[in-house]
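A short write-up of the structure that comes next.
In what follows, every chain begins at residue 1, and chains take the letters A, B, ... in the order their sequences are listed.
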Amino acid sequence: MTSMHEPAPDFERYLEWQVTTALRRQDRFARPSAIGSSTYLRALPIVFVSVLLGAGGVTAAGRLQQNQEKQLLTVQQQGELQLAEVQLLIAQKNLQDTKRRVEIGVAPLDEAATGERALRTAMLRLQQVKLSLEEVQLSGRAVQDDVTAPVVNARDFVLERLQIDQQMAAAAAVEAEKHLQTMQKRYEVGLTPQVDLLEAQSELVSHTSDMKAIEDKIALRQKFIAGNVSAADATKQRLLIAAQNELRSAQAALDVATKRYAQIEKQMQVGAASDVDALKARLDMLSRQQDIERLRERLAALAKGGALPGGR
Amino acid sequence: MATEPADQRIPEVYRQTIGPLYAYVSRRCAGDRQLAEDVVQETWLRAVDVWRRQGLPDTPAAWLTSVAHNLLVSHYRRTRPLPLGSIASESVLAVVDDGFNTESADIERVIHWGLAQLPQRQSKLLEAFHFDERPVARIAAESRVSERAVEGRLRLARLKLRRLIERALAKNGGRR
């Protein structure tokens with residue numbers, strides 16, 4: 001049976017016939033006559049006769065097409081692989097350059113840490129692309145990243161990619177923590193305003209939250225593969241995990257926005273900030289409050305399960 | 001455009017790309033198979049016409065996807081998102097908030113209508129993330145920006161889409 005996102009075999013053959021005849025006509029005549037949808041119906045008998053006459057050939061052609069699709073996907077993944085390799089090279093060069101600048105004192109120390117993280121991310125990204133290439137070659141299908149995707153020849157590519165995501169998130173969290181420590185020191189000696197410190201805290205919360213979301217997703221994937229959770233429930237839980245993650249990040253962002261607003265109000269009293277600054281800060285705070293309300297509503301709906309759609 | 005003769009290669013390109021192209025279009029057609037077939041057919045007829053005159057593009061699959069995307073945008077811009085019958089506006093907005101996951105073809109059509117009204121940069125980003133299920137890291141790598149920036153852009157685009165749909169539903173008297 002044809003799945004929803006696959007072309008119907010009749011349509012596919014008809015269109016192929018239409019494309020080849022259009023080419024032939026354009027070869028024979030200066031301007032081809034228009035091919036309308038009505039010719040679809042008129043052409044169908046021809047297509048069906050061809051199908052009946054060449055059933056064996058069609059099976060072989062089907063296999064051939066599967067191979068061609070696999071080849072196309074492989075070529076796409078190889079393109080991504082080249083891109084990832086170039087990005088790795090750029091990250092390596094950038095890090096070398098940053099280290100030189102740190103050594104002679106024209107760049108701060110934390111810039112090297114950022115470069116190291118970028119390099120680590122590029123290496124992990126390359127690993128992910130290699131995994132995707134392997135998946136395409138083994139399955140002959142496009143890469144699938146959903147928690148309910150099947151395993152391929154006993155390999156769980158979804159889990160393997162999630163584990164790489166986890167390492168990337170961990171690297172980001174470590175960097176955010178270092179950045180927070182730097183901001184804390186700068187704030188203590190009066191080199192940076194409190195808002196920058198709060199932003200660094202919020203950034204750390206956000207990365208930690210991402211890590212937690214990936215951990216939860218890994219646990220969910222393992223449960224799904226072990227058969228302890230149905231595909232529908234796994235989809236619901238995936239949405240729940242994503243919403244909880246968004247809520248944690250939104251709460252941290254609201255905290256920053258609230259404190260920023262309070263600070264601007266104080267500055268306004270001494271003439272160091274304008275009405276417009278205060279209004280902008282208030283608007284930012286209110287829109288984040290609204291985001292949180294919406295996320296809470298969504299979480300409540302997801303927890304109830306009733307309003308949840310089935311997933312794509 | 002490449003200079004090699006297109007005629008011999010077009011049927012081969014057709015066989016290589018018809019599956020992925022159809023899947024790309026179908027995911028944006030809210031289960032309407034006829035619409036998907038019309039868009040794929042129109043895309044291919046345009047391809048034959050243009051490629052024969054100008055030669056094959058360097059990346060035929062990307063060319064086909066772009067044309068199909070533009071045809072879909074034109075289609076959705078011409079249609080109205082309503083009537084929605086018994087579906088409440090809140091249900092539509094909840095689907096926008098929930099990452100576009102729905103089994104309702106009506107709601108899906110409203111979302112596609114909304115996406116067609118957004119600037120292409122924003123609609124393509126949302127589509128890449130929600131329909132093609134490309135992870136943020138991959139989008140960030142391809143667009144050479146940080147993951148945080150992609151997340152921020154996604155948030156903004158979703159918010160804009162939500163407001164757009166909200167206004168259209170209110171204007172068309174969607175049930176509350």
Side-chain angles (χ1 to χ4, degrees), chain A residues 4-8 11-12 14-16 18-20 22-23 26-27 32 35 37 40 61 64-65 68-69 71-73 76 80 83-84 87 121-122 124-125 128-129 142 144-146 161 165 168 172 203 206 235 239 242-243 246 249 287 291 294-295 297-298 301-302 307-312, chain B residues 6-7 10-27 29 31 33 36-38 40-42 44-45 47-49 52-53 59 61 90-91 93-95 97-104 107-108 130-135 137-138 141-142 144 147-148 151 155 159 162:
Chain A
M4 194 183 158
H5 298 307
E6 279 173 24
F11 168 75
E12 197 179 325
Y14 161 68
L15 189 54
E16 184 170 3
Q18 210 177 18
V19 166
T20 45
L23 280 169
Q26 285 184 17
D27 253 355
I35 305 163
S37 298
Y40 184 6
L64 184 68
Q65 187 172 335
Q68 282 168 337
E69 197 169 319
Q71 273 174 7
L72 179 73
L73 291 165
Q76 282 172 354
E80 291 218 17
L83 187 70
Q87 279 167 343
T121 305
L124 291 168
R125 165 91 191 108
Q128 269 186 334
V129 177
Q144 295 190 62
D145 269 326
D146 195 83
R161 273 191 294 270
D165 279 344
M168 282 190 196
E203 192 82 347
S206 180
T235 304
L239 291 169
E246 269 197 65
S249 296
S287 81
D291 282 351
R294 241 182 336 250
L295 282 164
E297 277 170 28
R298 194 200 310 178
L302 284 164
L308 237 197
R312 205 167 282 275
Chain B
D7 294 31
I10 289 177
E12 181 197 322
V13 173
Y14 171 84
R15 285 188 288 271
Q16 283 175 348
T17 57
I18 183 68
L21 175 69
Y22 188 91
Y24 173 89
V25 173
S26 170
R27 277 197 291 268
C29 286
R33 194 171 265 278
E37 290 185 350
D38 285 350
V40 171
Q41 186 184 26
E42 183 60 31
W44 258 103
L45 293 181
V48 171
D49 191 34
R52 193 146 189 299
R53 280 185 283 114
T59 47
E90 283 85 352
S91 309
L93 297 174
V95 171
D97 293 339
D98 280 341
F100 305 173
N101 289 294
T102 179
E103 280 178 346
S104 159
I107 295 181
E108 222 179 304
H130 292 290
F131 298 159
D132 304 332
E133 293 184 344
R134 274 148 82 190
R138 204 169 299 166
E142 284 163 6
R144 293 172 189 182
E147 289 172 36
R148 285 267 147 229
E151 281 162 7
R155 206 172 301 127
L159 201 66
R162 190 181 203 282

Portion of B/Leu159 that has a non-hydrogen atom of chain A nearer than 4.5 angstrom: side chain
More than 12 heavy atoms of other groups within 6.0 Å of B/Arg155 CZ: no
Is A/Glu80 close to chain B through its backbone or its side chain, or both, or neither, when contacts mean heavy atoms under 4.5 Å? side chain
Reported CD1-to-OG1 distance for the pair B/Ile10 and A/Thr20, which is rounded to 0.5 angstrom: 10.5 Å
Considering only heavy atoms, which portion of A/Ser206 lies under 4.5 Å from any heavy atom of chain B: side chain, backbone, both, or neither? both
Partners of A/Glu297 by salt bridge (Lys or Arg N to Asp or Glu O under 4.0 Å), sequence neighbours excluded? none
With a 4.5 Å limit on heavy-atom distance, are the side chains of B/Ile18 and B/Val40 in contact? yes
Below 4.5 Å from any heavy atom of chain A, which atoms of B/Arg134 appear? Answer side chain, backbone, both or neither. neither
Counting only non-hydrogen atoms closer than 4.5 Å, does A/Glu16 touch chain B with its backbone (N, CA, C, O), its side chain (CB onward), both, or neither? both
With sequence neighbours excluded, what pairs up with A/Asp165 under the side chain to side chain contact (heavy atoms under 4.5 Å, CB included) test? A/Gln128, A/Leu162, A/Ile214
Between B/Pro20, B/Ala61, B/Ala137, B/Ala23, which residue shows the highest count of heavy-atom pairs closer than 4.5 Å to chain A? B/Ala23
Rounded to the nearest 0.5 angstrom, the CD-CG distance for B/Gln16 and A/Leu73 is 10.5 Å
Pair count under 4.5 Å, heavy atoms only, with chain B: among A/Glu246, A/Glu203, A/Arg161, A/Met168, highest is A/Glu203
